[in-house]
Amino acid sequence: MEQNQNKGSKDDGPKNKQSLLVVVICLMMGLIVVNLFSILTKNQTNQINYSEFIEKVNDGEVKEVVIKSDTLEITLKEQKIMGQPVKVYTTMSESLDELTKRLEKADVTFGREQPSPVAEVILSVLGMVIPIVVMILLLSFMFKRMNGGGIMGGVGKSKAKAYVQKETGITFKDVAGQDEAKESLQEVVDFLHNPGKYTAIGAKLPKGALLVGPPGTGKTLLAKAVAGEAHVPFFSLSGSDFVEMFVGVGASRVRDLFEEAKKNAPCIIFIDEVDAIGKSRDSRYGGNDEREQTLNQLLAEMDGFDTSKGLLILAATNRPEVLDPALLRPGRFDRRVIVDRPDLKGRVSILKVHAKNVSLDETVDLDAIALATSGAVGSDLANMVNEAAILAVKNGRSAVSQKDLLEAVEVVLVGKEKKDRILSTEERKIVSYHEVGHALVSALQKDSEPVQKITIVPRTMGALGYVMHVPEEEKFLNTRKELEAMLVGYLGGRAAEEIVFDTVTTGAANDIEQATKVARAMITQYGMSDRFGLMGLAETQNQYLDGRAMLNCGDSTATEIDHEVMKLLKKSYDEAKRLLSENRDVMDKIAEFLIQKETITGKEFMKIFREAKGIQEPEVKGRIEEKPAETEKPLQISETAEM
Ligand code: ADP
């Protein structure tokens, strides 16, 4: 990848600094010359010793004596060189009184040296100038470091870290699933290829497209693929790269980025996490001068450029609801491409894309993995395939097996096995009953999902044990009955603890959290409560992030909602207790088996279950085709977390 640091506006700083440096050097040299001169002149004069001086005074050879701090400058009467009296020097070796008396007696003119006013002025000026010069030098050095090293990120200069790739080398083939997104972007590719075709007919070309979706679904990958398909350079920048603590810096970066991109057109500018600058300017999400200026500049640049040159802006965000409406109006990011979580088919093809370069053995069934990873995004799946390959290498195998892939799914979802955590016998028993409680409740209710695996091996992400459910088919809708069965399933662990040990533990915290979330959603969002009927009481926020719901009702209604949630949970818990108490013997059998084996598969579980209940093995049924619908349920893992 070739990195391009955009050039900033020219400033004349370096020239000023150079002339300053010349002045300083001249001053220094002047000082040195003056010093040298005085030393040389001193050395040129004659030095005599003090007794000689006394002799000359007594002999009347001395005309004048100038007393300098500790030396005497003696002007002789007789000798002259080129008409100038000769001066000799000596070091004073008696007290001033004695010297004065001696000179008075010999009638020699004498006096103390008065420093020349000019020298004094020069000295004092130098005394002031030198510290200032040193300070200026130091400051200019520090600024140089800042601009270069980026303590303040090059204030006033655009240092936007635009990564430019001449050829991304990624095509639509590398992006699996996301067929609708690819279809909308195909048009854009065509326009970048051949803008003339569109302009000839009078069509205005789109300026930008906004890729919207949860993190890891392949938005960046799609943008790169657009550039790769169109064979144009790819300028990529994150929204947060623009925003600095100094107002105006972001705006100058936007300006420079567009300038640079215009020079390279046709090309693609990709702004990742555009919400960092594109947040709505109303005060709801908090204002910020710098961000607003940057946004204004971006809006102005988007209006200003000529699309016929083949410049296209792609931006990605997972919070489209916070974006400023001005950014979304036609003529700016007028296209919105949804890049959502992949469905079953999408997951299979993503797994295939990533498994392309990995050696797989004959046991691998990517469809089964895709079915077990409902709710996972592209980056999760890429990660799982890689984890599986690492596991295979670790186990000394040359190809990845289905077991590696299933283990990798768990590693990504619940972390690695924590082998050094040894649970006491009592705790193992509690965890076993807890997990069997979940699994048995699931098996006893016909509207819940079958169990894939039960384990009591602790994991690094905190689970002491868990039950993995895998749906028989991908689901997009849940019926009320299924949700109610889910609630009973979540609370099955706690119910088992209470029935068997007559006490409860902290292990159910995660179950309680999940159950409460589902119960609350049933009442406030899905219109499944008899008390409130179809009234919408909560709104989903950040649809593409955590999908949290915010209550949208009065305080007293909120209290009533809490009561309803409590009632629903209590009903579910009672049902779980009833189911487990009625099947205590089955529960004991499975729990015992689990304590021995640590991990049991869904098949083993069902075998014991059917034997104990006297049920016949059913025939294997084929997979049902997917049904299109709206919401998708993530993979369920009911775990017992440590506290
Ligand atoms: P986003 O920008 O949406 O957060 P990225 O495009 O950065 O996600 O995706 C991260 C990684 O996940 C990619 O580099 C790729 O390996 C993998 N990935 C995500 N979605 C897909 C997909 N649809 N097909 C293939 N790989 C994908």
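Order of listing sets the numbers, starting from 1, for every ligand and every atom in it.
In summary, the atoms of ligand 1 found under 4.0 Å from a heavy atom of D174, numbered by their order in the structure, are 24 (N), 25 (C). With ligand atoms numbered from 1 in the order given, ligand 1 contributes 22 (C), 23 (N), 24 (N) to contacts under 4.0 Å with heavy atoms of I350. The ligand atoms of ligand 1 that sit less than 4.0 angstrom from a heavy atom of V175 are 23 (N), 24 (N).
Residue contacts with ligand 1 leave out L211, since none of its heavy atoms falls under 4.0 Å from the ligand. Heavy-atom separations between A316 and ligand 1 are all 4.0 Å or longer.
At a 4.0 Å heavy-atom cut-off, ligand 1 does not touch L381 at all.
For the pair E260 and K263, the salt-bridge criterion is met [side-chain N within less than 4.0 Å of a carboxylate O]. Ion pairing between D404 and K394 fails under the 4.0 Å rule for side-chain N and carboxylate O. Using a 4.0 Å cut-off between charged side-chain N and carboxylate O, R459 and E407 make a salt bridge.
L311 has its side chain within reach of C267: a pair of non-hydrogen atoms, C-beta onward, lies under 4.5 Å apart. Put simply, the side chain of T373 does not reach to within 4.5 Å of the side chain of V412, judged on heavy atoms. Contact annotation: the side chain of I268 never approaches that of V188 to less than 4.5 Å [non-hydrogen atoms, C-beta and beyond].
Here's the thing with D272: none of its N/O atoms is less than 3.5 angstrom from an N/O atom of ligand 1. At under 3.5 Å, a nitrogen or oxygen of L221, whether backbone or side chain, sits near a nitrogen or oxygen of ligand 1. Residue A176 places at least one N or O, backbone or side chain, under 3.5 Å from an N or O of ligand 1. Checked by distance only, ligand 1 and G216 come closer than 3.5 Å through their nitrogen or oxygen atoms. The N/O atoms of G218, backbone and side chain alike, include one that comes under 3.5 Å of an N/O atom in ligand 1.
In this model, no donor atom of one side chain and acceptor atom of the other lie less than 3.5 Å apart for Q178 and T217.
Side-chain atoms of K219 do not come within 3.5 Å of backbone N or O of V339 as any donor-acceptor pair. Here the side chain of D324 pairs a donor or acceptor atom with the backbone of A326 at under 3.5 angstrom.
Remark: minimum distance from atom 2 (O) of ligand 1 to any protein heavy atom is reached at T220 OG1, 2.5 Å. Scanning all protein heavy atoms for the shortest distance to atom 18 (N) of ligand 1 gives G378 C, 3.7 Å. Looking only at protein heavy atoms, the nearest one to atom 11 (C) of ligand 1 is S379 CB, 4.0 Å.
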Quick one: do E539 and N552 satisfy side-chain hydrogen bond (donor to acceptor under 3.5 Å, both in side chains)? Show the steps, please.
-> CA-CA 7 Å; E539 283 169 5; N552 186 16; 3.0 Å; yes

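Of the listed options K182, H354, R347, K219, H354 places a heavy atom closest to atom 16 (O) of ligand 1.
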